[in-house]
There are 2 protein chains.
Amino acid sequence: MNKPKKSIRRKSSGVTIDEVAALAGVSPMTVSRVINNQGKVRDATRERVMHAVRELDYTPNLAASSLAAAQHTRIALIYTNPSGAYLRELLLGVLRAASRTAVQLVVDYWDELDAEAERKAARGLCKRVDGVILPPPLCESRAAVAEFVKGGVPVVAIASGRLSDEISCVRIDDFRAGKELAEHLIQRGHARIGFIRGRTDLNASARRYDGFLAALHEAGLEVADELVQDGDYTYRAGLAAAEKLLEHGDPPTAIIASNDDMAAAAISVAHRRGLDVPRDLSVVGFDDTSAATTVWPELTTIHQPIASMADTAIDILLRSIKRRSDSARVLMDHVVPHGLVTRDSVAAPLKRK
Amino acid sequence: MNKPKKSIRRKSSGVTIDEVAALAGVSPMTVSRVINNQGKVRDATRERVMHAVRELDYTPNLAASSLAAAQHTRIALIYTNPSGAYLRELLLGVLRAASRTAVQLVVDYWDELDAEAERKAARGLCKRVDGVILPPPLCESRAAVAEFVKGGVPVVAIASGRLSDEISCVRIDDFRAGKELAEHLIQRGHARIGFIRGRTDLNASARRYDGFLAALHEAGLEVADELVQDGDYTYRAGLAAAEKLLEHGDPPTAIIASNDDMAAAAISVAHRRGLDVPRDLSVVGFDDTSAATTVWPELTTIHQPIASMADTAIDILLRSIKRRSDSARVLMDHVVPHGLVTRDSVAAPLKRK
DNA sequence: CTGAAAGCGCTAACAG
DNA sequence: CTGTTAGCGCTTTCAG
C-alpha cells in the first residue's frame, strides 16, 4: 500500500507519472523524457520505464502536460457547408490528433461569407487561436488566407491545390488521381469519356481535369468539347451536367465526375433515361465519401485519406507554432498517397452498332 | 506597467485569470466563480468582472481548469460503420462540448464486433475512460452496456430507445416522430402508405413503426401487411424493400422509410419504374442526414439535433462522473425536440382512376 | 545521462 | 458574498 500523500485535495483515480517513476525506480522527469522521447535516456532505463508504463497501464494526463509545456495551443478548424462531405473524416482526424497532443480545438462554421465577412472573421480568430486548418473550399479564399498570414497565424490547407506559398498544405496529387481515373476507363476500352468539372475557382478541380486531359492525350484520344461540362460539386449541378452529356447525339460511354455527389447524380440521370450502369454507361466519382456507397451501383472513385491528412495538418501546425518564435516560418507542401477504389460502376463499353 | 513576476519560466502570451482579476479589482477566485457562474457573486461584482473579461478578451485556459478541477475526464465515443450517418453531427457536438469543458475525448471504432469482442473491448475501455457515449446501434448492445455498467463507467446512449435503466439516454421521441410523418402524409390525402422498417433489433425502429401505426389507427386507416417491409437501414435494403412495395398490384401512394438512405433508395426504384416523385409517389425519410439532400427530389424527413444531443450527452456524463463518488448513480432519460423538415418529395396522391 | 525544484493557470476547500 | 492557501500532473530550467 502506498503511504497516503499529504494531499488535501481529492486524488483522482488515474495513475500518475510519479507512480510510474516509483515503480521504475527513476525520477518522474526521466519518465517524462521517455514518453515524449526527447532528450537522451539510456536504453536500459528507457526499457524499465516502458515496462512500468505498460504494467500500470499509464496514460499521461494531457491537460497537465499541455499546461506545463505552455503548449496550450488552440487550433481552429473552419468549415463551410460545401465542404461537408469531408467533414466527418476531417473531424475524426483532428480528434485523433487532439487526443494525442492535447491541442485545444476550436471548430468554427463560416456560412457562405463574402470576402469582407471572411476577413473580419479571420481577424477575430487570429486573436484566439495559434493555428488554423482550412479545408476546401476555404483554403482557396485569398481574403481569409491573407488575413491569417497578416495576423502571423500559421495556416494549413487541406486537400487543395497549393494556393499560395505563404501557407502549408496537405493534399493528394490531384493531377495523378484524375489521370489514373481516366486511364482506368481507357484501359477498359472507353474512348468517349465525359468529364464533369468541379468548381472552376478551386485549384484542385483544375488539376483533376488536367490529369484527365493528360491521360487522353497519352492515349492519343481527342478531347471533345461537348463532353466537358461544369458543375459546382453539388448533386443538382451533377444532374444538369449529366443531362447535357447524355442528350448529345453521340453520348459518352463513361463519365468522370469531379466528386461523388455529381457522380451519383449522373447515375440517377442515366437511370431515368433507361440506361443501365455500368452496362450502358460507366460512371466514376472522386473522394470516396458516403455518397459513393449510397447509390446503386456503388461508385468506383478516388479515396483520400482525409482523417490522416487532418492529423498531419495538426502536426505541421504544431511545428510551425513552436518554431514561430525562432523567426523562420515553417512551410510544408505535404503530398499523401491516394487510392483508386474500384466498385461496381465501371464496365467495358458496349460495342458500337 | 506590471512588476515582472518572479517567473522563472517563460510566460506564454495569453491573458490569464490574474490579469482579469487585477483589472476588475477582485481575487482570481471571484473571476473563476463568475466565469463558471457557480457560487453566489454580487451582481455589481459580476458586472465588473465581465467587463474586464471583455476588455482583455480573456479566454480561460481549459487545460488548467481541467487540471485544477481534477476534471481530467476522459470520455469515449465509440462508433461503428452503420452509425456513420450520424457521425459527422455527433463529432461536431462532442467537439463543441469538449472545447467548452476540456474533457479528453477518446474516439474508438468498433468494427462489427461480436458480443465477446465487444465485451473485451468494453473491459479495456473501462480502465482508460470515465464515461462512454454510445450512438446507435451500439447503444442497443447488451453485452457492451453490461460490461460498462459492471465497470462502474457511466454510459449515455444517443438517439435510441431506452434499452436499460442502467444507463442514461438522450433521444428524440421516435414514436411521435413516426406518427407526425404519417400524419403529414395522411393530411395530404394519402390512404395507402407503405412503410420500410429499420433494423428490428433496434428499439428506436420499433417506436417509429408504432407511431406510424398509431397515426393510421387514429385516422381510421387499415394497415395492410403487404405495405410493410423490413430493411436494415442500408441503401441496398431500401432498394429491395421499395421494389417489393411497388411491384404490388395495388401499390402505395406514399412510402415512409425509417431512414434517409432507404428513402433515397425508394426514390431510385420509383424512377427506374418510370414513376415521378412526388407526383406518382411520395417518399419521406428519417434523420435528415446528407442522404436527404443528395437525391432528387430532396427528401421530406425528420430532423434530429444530433450535435446538441451529443453536447447534452457529455453534460450528463460529467454530472454522473462528479456524483459517482456520492454513491448515488445519476440516470437521466433526456428527450429533445425533433422537427419535420418539408422538402420536395411529398405531394397529394393522384386521383385513383 | 539523470534528478530537484519551481511553477504552468486554474479551482476545491476552508476560512472570513 | 469574497479571499487565502495549497496543489491538480506534468515539464522546464538548471545543477549534478
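Below, chains carry the letters A, B, ... as their sequence lines are ordered, and counting in each starts from 1.
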Rounded to whole angstroms, how far apart are [atom1] on [X] and [atom2] on [N]?
X       : N      : atom1 : atom2 : result
B/Arg46 : D/dC1  : CZ    : C1'   : 11 Å
A/Met29 : D/dT13 : CE    : P     : 10 Å
A/Ile35 : C/dT2  : CD1   : P     : 15 Å
A/Arg33 : C/dC1  : CZ    : P     : 11 Å

Nucleotide nearest A/Ile17 when distance is taken to its side chain, options C/dT2, D/dC10, C/dC10: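 Nearest listed nucleotide: D/dC10.
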
Neighbour count >12 (heavy atoms, 6.0 Å) for atom CE, B/Met29: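 Enclosed: over 12 neighbouring heavy atoms sit under 6.0 Å from CE of B/Met29.
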
Toward the 5' end of DNA chain D, by each residue's nearest nucleotide, A/Pro60 or B/Thr30: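 Comparing both residues, the 5'-ward one is B/Thr30.
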
Residue whose closest nucleotide on DNA chain D lies nearer the 5' end, A/Val31 versus B/Asp43: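 The residue closer to the strand's 5' end, by nearest nucleotide, is B/Asp43.
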
Rounded distance [0.5 Å steps], CG in B/Leu77 versus CG in B/Leu317: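 B/Leu77 atom CG to B/Leu317 atom CG measures 10.5 Å (nearest 0.5 Å).
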
Atom pair CZ (B/Arg171) and CD1 (B/Ile158), whose distance is rounded to the nearest 0.5 Å: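 The CD1 atom of B/Ile158 is 13.0 Å from CZ of B/Arg171, to the nearest 0.5 Å.
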
Looking at [N], I'd like to know if its phosphate oxygens (OP1 or OP2) sit under 4.0 Å from a side-chain N or O belonging to [X].
X       : N     : answer
A/Ser27 : C/dA4 : no
A/Tyr58 : D/dG9 : no
A/Thr16 : D/dC8 : no

Any residue meeting salt bridge (Lys or Arg N to Asp or Glu O under 4.0 Å) with A/Glu47, in chain and number order, not counting sequence neighbours: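 A/Glu47 satisfies salt bridge (Lys or Arg N to Asp or Glu O under 4.0 Å) with A/Arg54 once adjacent residues are dropped.
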
